[in-house]
Amino acid sequence: MKKIRGGDVRAAGVPDGPAMGVALSCIPRAVKALGRDAALERLADVAAAPDAHGDDEYFAPVAQRLVADAREAARRFVEREAPAPLANYCEDAEAGALDQMRNSLRLPSALRGALMPDAHRGYGLPIGGVLETEGTVIPYAVGVDIACRMKLSVLDVEPEALDSGAALEQALLTQTQFGTGAKLRKRADHDAMHDERWRLTPLATRLRDKAADQLGTSGSGNHFVEFGLLTLPEADLGLPAGRYVALLSHSGSRGAGAQIASHYSKLARELHPELPKELSYLSWLDLDHDSGREYLQLMRLMGEYASACHAVIHERVTGHLKAEVLAGVENHHNFAWTAERDGREVVVHRKGATPAAAGELGVIPGSMAAPGFVVRGKGAPDSIESASHGAGRRMSRTAATQQFNWQMVRPLLRERGVKVLSAGIDENPFAYKDIEAVMAAQTDLVDVIARFDPRIVRMADAGERPED
DNA sequence: ATGTCC
């Protein structure tokens, strides 16, 4: 019998490398049991589909080695021949945002991308970026504020209550808390705090206590809780057409989410030292590794937690007013959604983008002095079933702080009938793009079903007084 | 976005 050599093993489909040695060591036993030709045929079957032969009687070690090698190979960045396709809905995208979006489509696991009309530069993926990948999750394509989301409650309060405003103001002033370290005087409770995933990793376990303290609070920057006038031109949301008072909040997963984001984005970057520096913040975690699975589970936990924060805020504010909630809409806009498609594990990352599958409801805010909109998705395939998450910043926070003071902004607030209880000057309406133009750029993506005009706004106090 | 560097 002709002795089996490396060339025979290579011909059976086992590449040079660690698997070759493993195969050669498995061969004598296989040949003894099956004979030379049958053993080589069997090895060829294993090499062709190692995933399916992890328990092969003779060549399981080869299968396992090949699977591990494939994973290790998949973890390394290799420049592709052409980037994955992009659908750009942001005509006037700043160069930096477009560069970031295009760079993300160079990743080996990228399937396609879309850039929303409110796009601007961020870290890794731009704000307003949607990226679909296969088998990987990218922490910086979800963002630092994991599960940042919107919640709108329509209330059984007469619109006239917005005019004097005193009762609504008191509800915001007494029932909401803002800022980096904010916590409620007395801890709230919610089912999300009793989720077993808080024990998934030592980090999550450590963060649970902080999260419990911060449950029901809002952060800083663009987070807000506000009352406004909801105009519903046609019956929808289970409501007759009309004018309603609505409570709208924008908040995320607070300190806990920020630390989870920070931990896993650092880990991803450490796992990918080979990435060119413009792609470093797009480092990914593999879904068949513990790191990727853990991130996804904790990201989803942050989704529940952020939702719980909004729920507590709305319960406290409406409870203080003794108001009933007639209808509600809420949606994530910093999140990753997984789906099985043709046997492949596909991940849609939305970083500052509203999910807009056919029929799906969402809220797209404008600014403190510009309307927001309740929308229903049209499921446009090119947009990866997404829409903008707001108007988008016109200028950086630094630029806005340098260029504006409240004296310059007050006339517009008065004109629009908006009372700002507290906010940073970098959140002033001139720092944002024109929401009407942004909505006009996404008529293929969403239908507008209601308009929300902010009237009483609370954001994190940044020292300067909006009112004189 | 974030007790803004464990």
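Naming convention: chains lettered A, B, ... in sequence-line order (proteins, then strands); numbering from 1 in each chain.
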**OP:** Return the value, rounded to whole Å, for the distance between atom OH of A:Tyr140 and atom P of B:dT2.
**Re:** 14 Å
Original post:
How close or far is atom P of B:dT4 from atom NE2 of A:His223, stated in whole angstroms?
Top reply: 17 Å
Original post:
Which whole-number value in Å describes the distance from A:Gln259 CD to B:dC5 C1'?
Top reply: 11 Å
Original post:
What about the rings of A:His389 and A:His250, do their centers lie closer together than 6.0 Å?
Top reply: no
Subject >> Atom-pair distance (NE2 on A:His263; C1' on B:dT4), nearest Å >> reply: 19 Å
**OP:** Let me know the distance between OH of A:Tyr123 and P of B:dT4, rounded to the nearest Å.
**Re:** 15 Å
Subject >> A:Glu427/A:Arg393 salt bridge by N-O under 4.0 Å criterion >> reply: yes
Original post:
At under 4.0 Å between heavy atoms, what does A:Gly219 touch on the DNA or RNA strands: base, sugar-phosphate, or nothing?
Top reply: sugar-phosphate
**OP:** Would you mind classifying the nucleic acid contact of A:Arg397 as base, sugar-phosphate or nothing, using non-hydrogen atoms under 4.0 angstrom?
**Re:** sugar-phosphate
**OP:** Specify whether A:Tyr123 and A:Tyr140 have parallel, tilted or perpendicular ring planes, treating 30° as the upper limit for parallel and 60° as the lower limit for perpendicular.
**Re:** tilted
Original post:
A:Arg269 has an atom CZ; how far is it from atom C1' of B:dC5, in whole Å?
Top reply: 14 Å
Original post:
CG of A:Asp426 versus C1' of B:dT4: gap in Å, rounded?
Top reply: 14 Å
Subject >> SB check A:Arg344 A:Asp342 (cutoff 4.0 Å) >> reply: no
Original post:
Rounding to a whole Å, what distance do you find between A:Lys183:NZ and B:dT2:P?
Top reply: 16 Å
